[in-house]
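This report concerns only the one structure given below.
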Amino acid sequence: MDADLIRLVNQLQDTFANLGGELDMPQLAVVGSQSAGKSSVLETIVGRDFLPRGSGIVTRRPLVLQLIHTPVPESSTQTYNEWGQFLHIDKRFTDFAEIRREIEQETFRVAGQNKGISKLPIHLRIYSPNVLDLTLVDLPGLTKIPVGDQPSDIERQIRSLVLDYISKPNCVILAVSAANVDLANSEALKLARQVDPQGRRTIGVLTKLDLMDAGTNALDILTGRVYPLKLGFIGVVNRSQADINAEKSLQDAHEAEDEFFRSHPAYRNIAHKNGTRYLAKTLNQVLMNHIRDKLPDMKARLNTLMGQAQQELNSFGDAAIYGDKNQQGALILRLMTQFARDFVASIEGTSVDISTKELSGGARIYYIFNDVFGHALQSIDATHNLDNQDIRTAIRNSTGPRPSLFVPEIAFDLLVKPQIKLLEAPSLRCVELVYEELVKICHNCTSSELQRFPRLHAQLVEVVSELLRERLGPTTDYTQSLIDIQTAYINTNHPAFISGSAAAAASLTAAPPKQVLPRPSQPASAESLNGAASQDDDDESTDEPTLNGASSGRDARSVSSTVHDRSRAGAASAPPIAPGSTHRHQHHHSSRHASGSGGVGAGTVAHGGGGSGTAKETFLNYFFGQNGPGPLAGSTVERANAGAGVAAVGRDVSGADPALETGLMAGKRSIESNAAFDMKSLGKHIEAASDGPGHMTMREEMETNLIRSLIQSYFNIVRQTIQDLVPKAIMHLLVNNTSQQVQNRLVAALYKPELFGDLLNEDEALVAERARVKALLDAYREAFKTLSEVTLKST
């Protein structure tokens, strides 16, 4: 039964080596310095030459050597009774020289051709009637200095590899030291003492006793008086290199070793406790006792490992349901329901696996609504892409050929609609971001059970993604329609817009500090004959909108516009210059006219307060002056000469008006006084007026600022509306709609019996892993059963 214990441990060791078990098996690890004779000790125990030999480091991978005692075959048909078998190759090796070559090739295959090492062990079984049941691990020899092309940290690598084995409590340490080297320098004993300071599981082996200096011996060491070990020291004598070269047999070596101990004066009394045969028996007994001591721990560990393996196997699911359509349908329905619940729970924030490191699920959608979309809308400037020239052009185009009394509403509509369109791009991008986030949530909805079926998971994701794509179109269209709705009707009657407009008007009508506009020098007669210096337009005023008590509609429009200009400019009234006098129409060039004419016509002065011109003439003189078309200019002069003593208000008829040199028509009049206006150059006039920055009049500046403030006010209203409606539309049309339909869509698309087999096709790696875990669980159960039935016998 003792032999059965070792064989049981060997079987478990092989099983767990293949399946990756975590059970710590009792074993013997051979540790020693390089060329201390470790391999020779193992060969002597086996009785065969099978280990690689050479100079330097030869053992570069751990060799797990299992010695299995076999009875002598009774039948004469079997031509061999000793053979070796590797775990990595299914072949029996009867030639031990071939075993050596296989060890070398396997070492080269993993550890390379250089002198590097590897932690991956080689498993070798040797069946022989000449061995005792034993399990040994031959480890690379300890070195100090890298030789040849060895890595510079070869010492650290080997030390780490050795410690990985001997630090396990179930490992018995076989510390091999050379007798011809001081024991205080033994690296094997030094490492063994680190992991086994009390020496409870360390066996000392002294080699090369026959090579000690004459007159010296190791009797004190072998008897435990120098370095005490609980399991003691055992001395052995191996074959020398000369014996190996002479092909001395191991049987002869055993006899020579026995003769050495019997005949040596120092060792003759302890000869029965030394030698290779005694070492093999001792190791066999130590290993069996060690296994027997560790049996309770092994059974407890096996019990724990069985529970873990069973739990892991349950997570892979049962493969027995694949033949039953009803069970397959129930499984698919359950997985689809769970997937839909996880999807909705992730959106609602009720998932059990909520991350605490980053935003996930519905929290990311809220972040898109509040931070990304909200900041994008707030960063839009309502008038950043509108310069003053654009606003002036819009105002002019919206009035046609007629001057305007007030800021035209058509110009406001024309300018505010493109600004509202600026909200469309962020709104549509918000829809795309939420859609992408929902797709990510869909891909992240999985479970360990669903991972068993990659095709089912892929189909679930595809169906939900298709549903999201279907809802993306209507959501995008509706979001775009929200912008179109805002541009379809500009509601200037909105309460917030009215209050905003009132505030803007109040800020514009506040009296600014009086501005004295620069003007060129006037003719001397203009000041002396009037008896007072000419005043700026800001100081002139009119109390009556009519001229001489009557006015046509055209005249009234012109005067009203003048009054409107003055009220918008907020100028203070000044004493009238002449009864019934009025300002000329100021729409495009009021600032230039104010600086050029000073508010009083020079022609009136020249004729000593000549005849009074009509409002119509005054209106026309503003545009055409004396150099305009002949009949109008002539009639104006005649009326001025035959006037009834009322000061005529109009352009200077005696000379060129400086205002005409800088306005819309500047530089385009003929030098001759009666020359007609060059109509062929009209296109150049318009281009120059549109392209050039120009200097805005006070009225144009006020109108521009008013338009900007109105656009800003109305844009803020629309932006607030869009910021409120777009998230609501996305939640209703995309998020909530998908959450409500996902379960029904999954069932309708995938719950079909003809698809069950394909959907439940498991991942190949998972199938292999389930088979491995199942085999491991079976091995655990079998080992536990065997250990429970073992009858413990005391030795």
Side-chain angles (χ1 to χ4, degrees), residues 6 24 26-34 36-42 44-45 65 132 134-139 141-142 159 162-212 216-238 257 260-261 264 266-294 794-795:
I6 297 180
D24 184 15
Q27 58 190 1
L28 290 167
V30 182
V31 183
S33 300
Q34 186 172 304
K38 303 184 304 300
S39 298
S40 298
V41 171
L42 295 180
T44 306
I45 292 175
L65 180 61
L132 297 175
L134 201 59
T135 301
L136 299 159
V137 181
D138 187 18
L139 296 174
L142 300 171
R159 186 177 296 270
V162 171
L163 287 175
D164 285 344
Y165 277 87
I166 65 176
S167 60
K168 298 176 182 178
N170 286 353
C171 178
V172 177
I173 304 170
L174 192 63
V176 180
S177 303
N180 58 351
V181 179
D182 194 349
L183 194 65
N185 297 325
S186 174
E187 288 291 330
L189 291 175
K190 179 181 177 182
L191 277 182
R193 191 166 189 172
Q194 290 183 11
V195 297
D196 182 30
Q198 297 180 355
R200 295 181 180 275
R201 53 185 181 93
T202 303
I203 300 177
V205 177
L206 279 182
T207 61
K208 302 182 181 181
L209 289 173
D210 55 335
L211 300 180
M212 295 182 67
T216 62
N217 59 69
L219 181 62
D220 291 340
I221 298 175
L222 293 176
T223 55
R225 289 194 288 265
V226 175
Y227 188 84
L229 293 175
K230 181 181 179 181
L231 300 178
F233 280 89
I234 299 176
V236 295
V237 176
N238 300 323
E257 181 187 37
F260 172 80
F261 282 110
H264 196 284
Y267 306 136
R268 65 178 63 180
N269 294 328
I270 57 172
H272 62 285
K273 290 186 177 182
N274 290 279
T276 304
R277 291 188 176 91
Y278 179 78
L279 176 63
K281 293 178 182 179
T282 302
L283 294 179
N284 175 265
Q285 193 65 39
V286 167
L287 184 59
M288 285 191 296
N289 292 337
H290 190 64
I291 293 174
R292 198 176 289 114
D293 293 339
K294 296 298 180 180
S794 59
T795 57

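Taking both residues in full, the closest heavy atoms of Gly37 and Asn238 are given as O-ND2, 3.8 Å, listed atom of the first, atom of the second, then distance. Listed here is the closest heavy atom pair of Lys208 and Ala178: CD-CB, 4.1 Å. What you find for Arg159 and Leu191 is that their closest heavy atoms are NH1-CD2, 3.2 Å. Here the closest heavy-atom approach between residue Val176 and residue Ala36 is recorded as CG1-O, 3.9 Å. A pairwise comparison of heavy atoms in Phe233 and Leu206 identifies CD2-CG, 4.4 Å as the closest pair. Looking at every heavy atom in both residues, Ile166 comes nearest to Ala29 through CG2-CB, 4.1 Å.
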Original post:
Can you list the steps and then say if Thr44 with Val236 is a side-chain contact (heavy atoms from CB on, under 4.5 Å)?
Top reply: CA-CA 10 Å; Thr44 306; Val236 295; over 6 Å; no
Subject >> Residue pair Leu222, Asn217: steps toward the side-chain contact (heavy atoms from CB on, under 4.5 Å) verdict >> reply: CA-CA 10 Å; Leu222 293 176; Asn217 59 69; over 6 Å; no
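Inter-residue side-chain proximity for His290 and Leu28 is flagged as unmet; no heavy-atom pair is nearer than 4.5 Å. A 4.5 Å side-chain heavy-atom check between Leu231 and Thr202 finds every atom pair outside the cut-off. Between Gln27 and Asn170 there is no side-chain heavy-atom pair separated by less than 4.5 Å. Val30 is not listed as a side-chain neighbour of Leu65, based on a closest heavy-atom distance of 4.5 Å or more. A 4.5 Å side-chain heavy-atom check between Tyr278 and His272 finds every atom pair outside the cut-off. With a 4.5 Å cut-off on side-chain heavy atoms, Ser177 and Leu189 count as touching. With contacts defined as side-chain heavy-atom distances shorter than 4.5 Å, the pair Val31/Tyr165 does not qualify. Thr207 has its side chain within reach of Val41: a pair of non-hydrogen atoms, C-beta onward, lies under 4.5 Å apart.
Put simply, the side chain of Tyr267 gets close to the backbone of Ala218: a donor and an acceptor are under 3.5 Å apart. Here the side chain of Asp196 pairs no donor or acceptor atom with the backbone of Ala192 at under 3.5 angstrom. Between the side chain of Glu257 and the backbone N or O of Val237, at least one donor-acceptor pair lies under 3.5 Å.
Applying the salt bridge (Lys or Arg N to Asp or Glu O under 4.0 Å) definition to pairs two or more places apart or across chains, those involving residues 216-237 are Asp220-Arg225. Residue pairs meeting the salt bridge (Lys or Arg N to Asp or Glu O under 4.0 Å) criterion with at least one partner in residues 165-183, sequence neighbours excluded, do not occur; the list is empty.
When the shell of 6.0 Å around CZ of Arg277 is examined, it contains more than 12 heavy atoms from other residues, nucleotides or ligands.
In this view, Phe260 and His264 satisfy the ring pair (Phe, Tyr, Trp, His ring centres under 6.0 Å) rule, not counting sequence neighbours.
Between atom CG of residue Leu219 and atom CG of residue Asn269 there is a gap of 8.5 Å, rounded to the nearest 0.5 Å. The distance from atom CG of Leu174 to atom CG of Leu42, rounded to the nearest 0.5 Å, is 8.0 Å. Rounding to the nearest 0.5 Å places OG of Ser186 at 9.0 Å from CG of Leu142.
For the side-chain contact (heavy atoms from CB on, under 4.5 Å) with Ile203, the qualifying choice from Ile173, Leu229, Leu283 is Leu283, the only one to do so.
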